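The structure under discussion appears below in the form of structure tokens.
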Amino acid sequence: MTSEHKKSGLAGLTLAAVGIVYGDIGTSPLYTLKTVFDPAHGLLLSHENLLGIVSLIFWGLTLIVSLKYVTLVLRADNRGEGGIMALMALVLSSVSRLSRWHFPLMVIGVFGATLFYGDSVITPAISVLSAIEGLEVATPAFSPYVVPLTIVVLVALYSVQSHGTAGIGRYFAPIMVLWFAALAGMGVVNIIKSPAILAALNPLHAATFLMNNGFVAFVALGAVVLALTGAEALYADMGHFGKKPIRLAWFLIAFPALALNYLGQGGLLLAHPEAVSNPFYQQLGAWSVYPLVILSTMATVIASQATISGTFSMTKQAIALGFLPRMRVRHTSESEIGQIYIPAVNWLQLAVVLLAVVSFGSSENLAAAYGIAVTATMLSTTILTFFVIRYRWKMNLALCWGATGFFLIIDVNLVSATALKLFHGGWFPLLLGSILFIVMLTWKRGRQLVFQNLEKHAIPLNEFLSSLFIAPPLRVPGTAIFLRGETDGVPHALLHNLLHNKVLHERVIFLTVFMHEEPWVAPSERVRVVDLGHQCYQVNVHYGFKDEPDIPGALAQCAEQGLDFEMMETSFFIARQTIISTPGAGMMPWREHLFVTMSRNARTAADYYQIPSNRVIELGTQVEI
């Protein structure tokens with residue numbers, strides 16, 4: 001590839017990153033300053049306070065987004081993949097399973113991931129709602145229609161998810177570039193009118209504000225966090241774009257535009273304090289309100305789309321890592337494997353988003369719910385990053401603390417500040433996260449109990465085959481494939497088949513799927529075939545948590561190792577497990593019943609692994625936990 005082509009590809013990825021990665025943080029100027037100076041927070045709009053707040057926002061973007069995420073956290077990739085689930089998998093693979101840190105780190109990672117789900121509910125609600133609220137600036141007559149219009153936009157957005165984003169995705173980058181250009185332009189206009197706001201670039205104003213305002217400043221800090229929402233998204237989307245395009249998009253486009261706009265809004269409020277009711281929509285005067293409503297609605301829909309796609313991606317990772325039951329995953333693009341649609345997640349998320357819009361009713365009320373999920377996820381990321389630096393990169397302890405300790409102090413303070421809003425809406429994402437946290441840990445623990453039960457009653461495969469062929473059963477034509485767990489002995493389906501049908505196929509395959517705590521497994525390492533004798537084979541198939549499980553595709557690879565399959569002569573025998581809750585050891589009764597319910601409604605293994613349904617024979621087996 002020529003350097004010209006490389007530059008062209010890099011430019012394309014950078015623009016695409018502007019469209020997808022920075023939608024959330026890019027729409028924060030819609031509501032951040034309005035929320036900070038909300039009368040409910042008790043912060044007076046004075047010259048000193050305004051300089052302090054704008055300074056806090058600017059240096060927050062510099063330290064937390066530019067330094068922590070773009071510079072440090074993007075280095076903690078799991079074979080090019082980012083996001084808290086990928087980071088957790090990286091940490092767990094770096095720390096021994098016997099280590100005292102293993103379980104606590106898994107809990108931190110899962111909790112951070114569940115808070116991402118809470119954040120993914122608030123983002124579409126607050127973003128679209130704040131965009132539509134611009135109509136109130138034009139005329140108060142629109143006030144009764146803000147919530148209904150928001151609901152219409154959101155329902156339309158979630159309704160088109162099943163068709164994929166390939167068609168509209170190409171328009172995301174130009175719209176977001178236009179959005180950032182508008183942010184920068186409005187900022188420059190108002191900075192020119194009030195150049196005194198440039199004093200906010202001095203971090204002493206932020207420090208002075210925090211020292212002079214005590215508790216009120218602490219409360220305001222919880223609202224300043226709104227300017228940083230979406231920082232986690234740039235890490236989660238690293239696998240789609242790579243580090244360099246994300247860094248270039250931030251430093252060349254997103255960061256300058258955001259900094260200029262926050263300074264510009266500050267300059268506007270210096271000259272016109274009465275604009276505090278909605279400083280974003282009053283930056284250019286009445287003539288600009290309707291065009292800005294249209295542009296901001298498009299920008300917030302794009303920000304919401306990125307969050308929805310991120311939720312689908314994280315759910316798929318959680319299923320692969322064993323934290324959620326198998327669900328139906330549909331691919332919406334033949335060329336882009338990352339474009340997926342999960343119906344159950346889509347409609348459940350829409351229901352909760354609409355509940356949030358109707359319950360909270362305004363972006364100010366939703367803002368309280370927003371910050372706590374974002375800051376807690378940031379704190380989880382910082383803690384996990386420490387363990388990557390320490391155990392993966394093998395750096396000395398002092399350097400590890402030096403790299404993450406500063407951010408840990410900031411994150412703890414931000415979490416504490418947003419925790420003050422717990423009873424003013426902060427409970428909402430925490431409740432959502434807690435429910436998902438219980439669901440994910442229950443599923444993980446339940447699967448462990450199932451494996452332990454199967455392992456306890458397992459018959460060693462090699463010994464069984466040795467005894468079986470002393471007086472072999474009747475062999476019938478064809479190939480039988482028995483799915484076998486990682487810790488199983490003889491598959492239950494084989495025992496049932498021998499017991500009831502008293503025959504054995506002329507060729508028997510024991511198929512075991514291994515899911516690894518890394519995103520991708522190279523095709524060359526995907527399949528391993530072991531000859532067990534008597535035309536019996538053990539086939540091990542390896543997948544990463546971002547790989548698409550495809551058993552027919554994996555079997556086709558076996559030809560390279562001398563094992564050919566004719567699908568019309570092959571039968572797949574799968575044991576359909578019926579989980580039975582028993583008193584005593586295991587989990588609490590209510591958790592066992594929750595696990596049993598999830599297990600009954602989970603997608604079948606045949607469906608999940610893309611095995612042709614007309615080649616599957618299911619045999620029931622009961623497992624007690």
Side-chain angles (χ1 to χ4, degrees), residues 28-64 122 126 130 194 196-229 258-259 261-280 282 360 362-376 378-379 407-430:
S28 296
L30 279 164
Y31 46 79
T32 299
L33 276 179
K34 179 175 73 168
T35 304
V36 171
F37 289 105
D38 189 315
H41 295 152
L43 183 64
L44 294 175
L45 178 57
S46 65
H47 185 91
E48 294 77 15
N49 287 349
L50 188 57
L51 287 179
I53 288 294
V54 174
S55 185
L56 271 176
I57 292 172
F58 175 80
W59 286 102
L61 290 170
T62 302
L63 294 174
I64 295 176
I122 304 294
I126 192 173
S130 59
S194 300
I197 193 64
L198 291 174
L201 295 175
N202 185 342
L204 286 176
H205 284 287
T208 304
F209 170 79
L210 291 173
M211 288 187 290
N212 291 347
N213 287 277
F215 184 72
V216 172
F218 196 58
V219 174
L221 194 60
V224 169
V225 165
L226 297 174
L228 312 174
T229 58
L258 288 169
N261 195 259
Y262 283 119
L263 286 164
Q265 287 191 46
L268 171 69
L269 294 179
L270 278 181
H272 303 282
E274 68 279 2
V276 74
S277 59
N278 200 322
F280 179 83
Q282 298 184 53
F360 288 90
S362 72
S363 59
E364 290 99 328
N365 294 336
L366 270 168
Y370 206 3
I372 198 163
V374 173
T375 54
M378 286 179 175
L379 178 60
F407 299 117
L408 191 66
I409 293 168
I410 293 175
D411 290 339
V412 167
N413 278 287
L414 292 177
V415 169
S416 303
T418 53
L420 297 171
K421 301 175 181 179
L422 186 62
F423 299 106
H424 300 281
W427 57 269
F428 185 72
L430 283 183

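What you see is a predicted model, and the numbers here were worked out from it, not measured in a lab.
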What distance separates [X] [atom1] from [Y] [atom2], expressed to the nearest 0.5 Å?
X: Leu221; Y: Asn213; atom1: CG; atom2: CG; value: 12.0 Å
X: Leu50; Y: Leu33; atom1: CG; atom2: CG; value: 7.0 Å
X: Ser46; Y: Phe37; atom1: OG; atom2: CZ; value: 7.5 Å
X: Ile64; Y: Leu414; atom1: CD1; atom2: CG; value: 5.0 Å
X: Thr208; Y: Glu48; atom1: OG1; atom2: CD; value: 10.0 Å
X: Leu270; Y: Gln265; atom1: CG; atom2: CD; value: 12.5 Å

Atom of [X], atom of [Y] and distance for their closest heavy-atom approach:
X: Leu268; Y: Pro279; result: CD2-O, 3.4 Å
X: Tyr262; Y: Thr32; result: OH-OG1, 3.4 Å
X: Asn261; Y: Pro29; result: OD1-CB, 3.5 Å
X: Ile372; Y: Leu430; result: CD1-CD1, 3.6 Å
X: Ala367; Y: Leu226; result: CB-CD1, 3.6 Å
X: Trp59; Y: Ala200; result: NE1-O, 4.3 Å

Could you pull out all residues at least two apart from [X] that satisfy side-chain contact (heavy atoms from CB on, under 4.5 Å)?
X: Leu201; result: Phe58, Leu198, Leu263
X: Ala199; result: Leu51, His205
X: Leu379; result: Ile383, Leu408, Asp411, Val412, Val415
X: Leu210; result: Leu56, Ala217

Check: Under 3.5 Å, is there a donor-acceptor pair between the side chain of Ser55 and the main chain of Asn202?
Finding: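 Indeed, once roles are kept as given, a pair shorter than 3.5 Å links the two residues.
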
Notebook entry, point to check: Within the side chain of Ser194, is there an N or O that forms a donor-acceptor pair under 3.5 Å with the backbone of Ile197?
Noted result: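 Not at all, since once roles are kept as given, no pair shorter than 3.5 Å links the two residues.
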
Notebook entry, point to check: Does the side chain to side chain donor-acceptor pair (under 3.5 Å) test come out yes or no for Ser362 and Asn365, once each step is laid out?
Noted result: CA-CA 5 Å; Ser362 72; Asn365 294 336; 3.2 Å; yes

Margin query: Can you see whether Ser130 engages Lys34 through a side-chain donor-acceptor pair at a distance of less than 3.5 angstrom?
Written below: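 No, Lys34 and Ser130 have no side-chain donor paired with an acceptor closer than 3.5 Å.
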
Note to self: Is it the case that the side chains of Asp38 and Thr35 hold a donor-acceptor pair, with the cut-off being a distance below 3.5 Å and no angle test?
What the structure shows: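 No, because no side-chain N or O of Thr35 sits under 3.5 Å from a partner of the opposite role on Asp38.
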
Results of ring pair (Phe, Tyr, Trp, His ring centres under 6.0 Å) for [X] - residues two or more places apart only:
X: Phe209; answer: none
X: Phe360; answer: Phe428
X: Phe280; answer: Trp179

Notebook entry, point to check: Tell me the side chain to side chain donor-acceptor pair (under 3.5 Å) pairs involving residues 420-430, sequence neighbours left out?
Noted result: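 Pairs touching residues 420-430 that pass the test: none.
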
What residues, two or more places apart in sequence or in another chain, satisfy side chain to side chain donor-acceptor pair (under 3.5 Å) together with [X]?
X: His272; result: Glu274
X: Ser28; result: Thr229
X: Thr62; result: none

Item checked: Where at least one partner belongs to residues 206-222, residue pairs that pass salt bridge (charged side-chain N to carboxylate O under 4.0 Å, His left out), sequence neighbours excluded ->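 Pairs touching residues 206-222 that pass the test: none.
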
Check: side chain to side chain contact (heavy atoms under 4.5 Å, CB included) between Leu228 and Met378: does it pass, once the steps are laid out?
Finding: CA-CA 10 Å; Leu228 312 174; Met378 286 179 175; 3.9 Å; yes

